[in-house]
Amino acid sequence: MKQVLQNLKNGNTSIELIPTPSLKPGFILIQLETSVVSAGTERMLVDFGKSNYLQKARQQPEKVKQVIDKVKTDGLQPTINAVKTKLDQPIPLGYSNAGVVLAVGENVHQFKVGDRVVSNGSHAEVVSVPENLCAKIPDNVPSEQAAFTVISSIGLQGIRLAKPTLGETFMVTGLGLIGLLTVQLLRAHGCKVIASDYDQRKVDLAVSFGADAINAGNEMNVVDYVMNKTNGRGVDGVIVTASTKSSDPISQAAQMSRKRGRIILVGVTGLELNRSEFYEKELSFQVSCSYGPGRYDADYEEKGQDYPIGFVRWTEQRNFEAILDMMGEGKLNVESLITHKFSFDEAIDAYKTLSEDRTSIGIVLQYSQRKISFEKDSAVQLNQRDIMPFSGQPVVGIIGAGNYTNQTLLPAMNGLNINKKTIVSSGGMTSVHVGKRFDFCKASTDTDHVFNDEEVNSVIITTRHNTHAHYVKKALESKKHVFVEKPLCLTLKELEDIKKINHNQLIMVGFNRRFSPHTEQIKSLLAGTPQPKAMVMTINAGAIPASHWTQDLEIGGGRIIGEACHFIDLLRYLANSPIKLVHAISLADPSEAELEDKVTINLTFEDGSIGTIHYFANGHKSYPKESLEVFVGGKILSLDNFKILTGYGWSNFNKFKTKTQDKGHAKGIRAFFEGIQSGKAPIPINEIYEVTEVTLDIVDQLRRGTE
């Protein structure tokens with residue numbers, strides 16, 4: 001299928017051939033009939049992509065700060081590589097469309113194949129959208145009109161926050177697509193509407209919708225005009241739908257508001273507020289969030305957990321339905337907002353118009369209704385080279401094309417004598433992008449293209465943690481070697497199921513810290529010291545929001561399973577002795593009782609060594625992220641962030657440095673492929689199982705302690 005993508009690095013907009021999205025539980029696949037280009041949001045993305053690095057930095061100062069912090073911890077060159085890779089990743093454009101349901105996933109209850117629906121999917125022939133971000137189209141509403149629903153809901157949500165009442169007067173600043181829709185919706189609420197813009201054509205449209213609209217560019221003092229029209233009282237509310245870097249629209253909104261008026265920002269403006277303008281009138285100011293309640297809530301959007309209507313009357317989905325009802329009743333006119341129509345294959349011309357014609361309002365893309373099978377079209381051939389493996393040579397299939405795969409794993413594979421056959425991602429866009437970048441033969445959204453391919457003898461798994469055990473088992477049952485980025489699994493039952501599989505394949509978990517050159521140096525020095533060791537590992541992990549998928553115990557397993565397992569493996573490797581006892585305690589913080597990211601873990605090894613792992617998310621980012629001290633036989637080794645290893649009391653060792661931080665990623669992945677060819681596992685399987693079991697024991701202690 002085809003999809004419109006934007007490259008943020010150079011600003012190029014392209015139509016790419018990608019696999020159809022996979023069908024996931026709670027999601028539906030929609031074959032689009034029409035979609036609308038957002039003149040505000042999408043123009044801003046295109047303009048951002050065309051700007052140079054300095055201009056990009058000025059537009060996103062918070063990102064610049066993150067880059068500076070990364071330089072301090074990871075070094076300059078790794079940071080530069082990460083920034084370039086991030087900017088090179090394409091992003092999908094579009095978020096307002098209409099089409100026909102092609103397939104429904106498990107646990108979908110509201111839709112069936114053949115339903116006409118709207119969604120917030122991107123500009124693509126087929127989109128995968130969660131159930132709560134779709135709504136059925138009434139029979140009397142054409143798809144071309146229905147495609148404006150999601151964009152209209154942005155204006156509707158701003159109005160709901162303003163809480164207009166019959167007879168009130170509202171000001172709409174900025175008459176782009178959302179502004180003109182907002183004018184109509186306010187009129188439908190029984191409000192008087194004053195509106196302004198610098199484009200006379202848009203002003204005239206607002207007048208046709210019943211607004212008292214003026215051209216702000218005709219030396220008109222908008223504030224004076226509004227005050228005259230309201231007999232000096234000011235408007236009851238202002239909805240700002242303009243897009244500008246200036247703070248003037250907000251200042252003007254405050255000046256033209258009545259006492260205790262409401263100002264809602266739906267668009268994008270500067271926010272240098274004058275306190276006195278707000279203080280003297282006790283004005284309320286609120287920024288509207290997209291389509292309504294539920295937006296950016298993973299439980300609502302991805303897991304399908306609706307808000308009870310008795311408590312949350314208007315969710316984003318119910319806002320979609322309200323807009324469609326208004327269209328069905330003829331109360332919302334979108335036909336007059338359509339200024340341009342293009343076939344989907346002409347999308348590049350549509351974006352050229354968007355950039356060059358600032359008077360454009362509604363740009364509609366129309367899709368040919370060619371027959372698409374989400375199963376048959378789930379793979380795209382990237383090149384036609386033949387796979388001719390010789391005995392023992394790895395032929396690789398990768399499942400997962402996220403940041404770790406793109407920025408760490410695949411760069412580490414450069415120069416290795418392997419054949420890269422297929423890369424899989426659920427959406428298809430990233431598998432094509434990463435597949436082209438690293439010269440894969442095929443990109444897909446169906447994992448069976450890896451597991452059922454007899455040429456593929458090695459599988460790499462970098463998906464979300466709750467899928468690891470399933471894919472590991474499937475790989476082993478398919479007689480393929482498997483590298484799985486940590487963790488191996490999330491439960492003891494999954495671990496036991498993996499152990500039961502009878503196979504001769506290599507299993508490796510991405511415990512890369514043991515492959516760092518710093519770890520190798522420590523291991524070499526400790527080989528000459530037979531005494532038990534005392535090891536203290538401190539991880540300044542940094543806070544991650546509770547809403548992040550890694551914190552979800554069902555998906556990510558929590559941060560101990562998802563990340564601290566690295567350091568359990570590291571101490572197990574350095575001790576070179578099985579773990580005999582484990583004890584874990586969590587920082588008592590009732591407000592964050594569900595988070596497993598402030599924990600101390602004590603390990604006792606069979607040879608008498610002890611290890612302590614401090615995994616803390618409540619520190620400061622200026623402190624090194626990872627540090628290790630090893631006390632043994634009157635000597636100390638101190639490792640600072642996998643960049644500097646210092647020895648104290650060693651006659652033959654003082655200091656070891658690497659130019660940049662080296663956590664062992666590259667050598668770990670090389671060891672996996674060398675192990676395939678040599679038949680020797682880089683990490684003994686019993687140690688992988690042991691570390692996994694100890695990690696699961698730790699979280700069991702923590703969770704039982706909070707029950």
Side-chain angles (χ1 to χ4, degrees), residues 1-24 27 29-32 35 45 49 84-95 102 121-129 344-345 347-348 351 365 367 370 372-385 387 395-411 413-414 418-453 455-456 459-464:
M1 72 166 200
K2 298 175 183 177
Q3 181 171 7
V4 178
L5 301 177
Q6 169 74 16
N7 188 307
L8 290 183
K9 184 178 180 180
N10 55 28
N12 290 339
T13 304
S14 61
I15 301 174
E16 298 289 341
L17 186 65
I18 69 169
T20 54
S22 61
L23 184 59
K24 298 184 289 186
F27 282 63
L29 295 184
I30 306 166
Q31 183 167 355
L32 297 193
S35 61
L45 285 171
K84 286 184 176 179
T85 301
K86 191 71 174 177
L87 285 175
D88 191 49
Q89 292 176 1
I91 62 170
L93 293 174
Y95 62 88
L102 191 63
S122 55
H123 300 309
E125 290 184 291
V126 176
V127 295
S128 172
V129 184
F344 179 65
D345 289 335
I348 306 305
Y351 281 92
L365 300 179
Y367 296 71
R370 70 181 184 89
I372 294 179
S373 167
F374 75 94
E375 294 171 331
K376 292 181 180 179
D377 296 328
S378 61
V380 170
Q381 198 73 27
L382 302 180
N383 64 63
Q384 298 295 330
R385 74 172 185 272
I387 297 294
V395 179
V396 178
I398 294 185
I399 302 173
N403 286 336
Y404 171 77
T405 302
N406 193 17
Q407 297 180 19
T408 303
L409 176 72
L410 287 172
M413 291 168 57
N414 283 337
I418 59 175
N419 273 311
K420 290 175 277 191
K421 179 72 181 289
T422 303
I423 183 166
V424 179
S425 66
S426 62
M429 178 187 72
T430 54
S431 60
V432 168
H433 172 69
V434 177
K436 286 181 177 179
R437 184 180 177 215
F438 291 98
D439 197 30
F440 278 79
C441 293
K442 184 165 63 175
S444 176
T445 54
D446 186 350
T447 58
D448 283 347
H449 285 130
V450 170
F451 294 122
N452 295 343
D453 188 337
E455 288 182 335
V456 172
V459 178
I460 296 177
I461 300 163
T462 64
T463 49
R464 288 189 173 185

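Values reported hereafter were calculated over all heavy atoms of this structure, with side chains retained and with hydrogens, waters and symmetry mates removed.
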message: Using 0.5 Å steps for rounding, measure from the CG atom of Leu382 to the CZ atom of Arg437.
response: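 The CZ atom of Arg437 is 14.5 Å from CG of Leu382, to the nearest 0.5 Å.
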message: To the closest 0.5 Å, what do you measure between CD1 (Ile423) and OG (Ser444)?
response: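 Answer for the CD1-OG pair, Ile423 versus Ser444, is 10.5 Å.
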[X] vs [Y] side-chain heavy atoms within contact, under 4.5 Å:
X      : Y      : value
Lys436 : Asn383 : no
Val395 : Ile418 : no
His449 : Lys421 : no
Ser122 : Gln3   : yes
Met1   : Asp377 : no
Leu102 : Ile30  : no
Val4   : Pro92  : no
Leu410 : Phe440 : yes

- prompt: Side chains of Thr430 and Ser425: is there a donor and an acceptor less than 3.5 Å apart?
  reply: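 Yes.
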message: If we count only N and O atoms by modelled type, under 3.5 Å, do the side chains of Ser35 and Tyr95 hold a donor and an acceptor together?
response: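 No pair is found: no donor N or O on one side chain lies under 3.5 Å from an acceptor on the other.
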task: Step by step, work out the side chain to side chain contact (heavy atoms under 4.5 Å, CB included) result for Thr20 and Leu29.
output: CA-CA 9 Å; Thr20 54; Leu29 295 184; 5.8 Å; no
message: Less than 4.0 angstrom from a charged side-chain N to a carboxylate O is my criterion; do Lys2 and Glu16 meet it?
response: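 Looking at Lys2 and Glu16, the cut-off is not met.
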query: Would you call Asp439-Lys420 a salt bridge at under 4.0 Å N-O?
result: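 A salt bridge is absent here (no side-chain N lies under 4.0 Å from a carboxylate O).
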Shortest non-hydrogen contact from [X] to [Y]?
X      : Y      : result
Asp446 : Ser378 : CB-OG, 3.8 Å
Ile348 : Ser14  : CD1-CA, 3.6 Å
Phe344 : Ile15  : O-CD1, 3.5 Å
Val127 : Ala124 : CG1-CB, 4.1 Å
Ala379 : Pro19  : N-CB, 3.9 Å

field: Residue from Val434, Ile461, Thr463, Leu409 passing side chain to side chain contact (heavy atoms under 4.5 Å, CB included) with Ile398
entry: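 With Ile398 as partner, side chain to side chain contact (heavy atoms under 4.5 Å, CB included) holds for just one option, Leu409.
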- request: Give a yes or no on whether the backbone of Glu455 and the side-chain of Asp453 come within a donor-acceptor separation of less than 3.5 Å.
  value: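 Yes; judged by distance alone, with no hydrogens or angles, the pair exists.
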- request: Check whether any side-chain N or O of Thr445 sits under 3.5 Å from a backbone N or O of Gly428 as a donor-acceptor pair, and report yes or no.
  value: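 Looks like no, no N/O pair under 3.5 Å.
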message: Let's go through Ile399 and Thr462 carefully: what are the C-alpha distance in whole Å and the side-chain angles of both, what is the deciding distance for side chain to side chain contact (heavy atoms under 4.5 Å, CB included) to 0.1 Å, and is it a yes or a no?
response: CA-CA 6 Å; Ile399 302 173; Thr462 64; over 6 Å; no
task: May I have the step-by-step check of side chain to side chain contact (heavy atoms under 4.5 Å, CB included) for Met429 and Leu5, ending in yes or no?
output: CA-CA 9 Å; Met429 178 187 72; Leu5 301 177; 3.3 Å; yes
message: Which label fits Tyr351 and His123: parallel for a plane angle under 30°, tilted from 30 to 60°, or perpendicular past 60°?
response: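 If you compare the ring of Tyr351 with that of His123, the planes turn out perpendicular.
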- request: Could you please spell out the steps behind the side chain to side chain contact (heavy atoms under 4.5 Å, CB included) verdict for Val424 and Val450?
  value: CA-CA 8 Å; Val424 179; Val450 170; 3.8 Å; yes
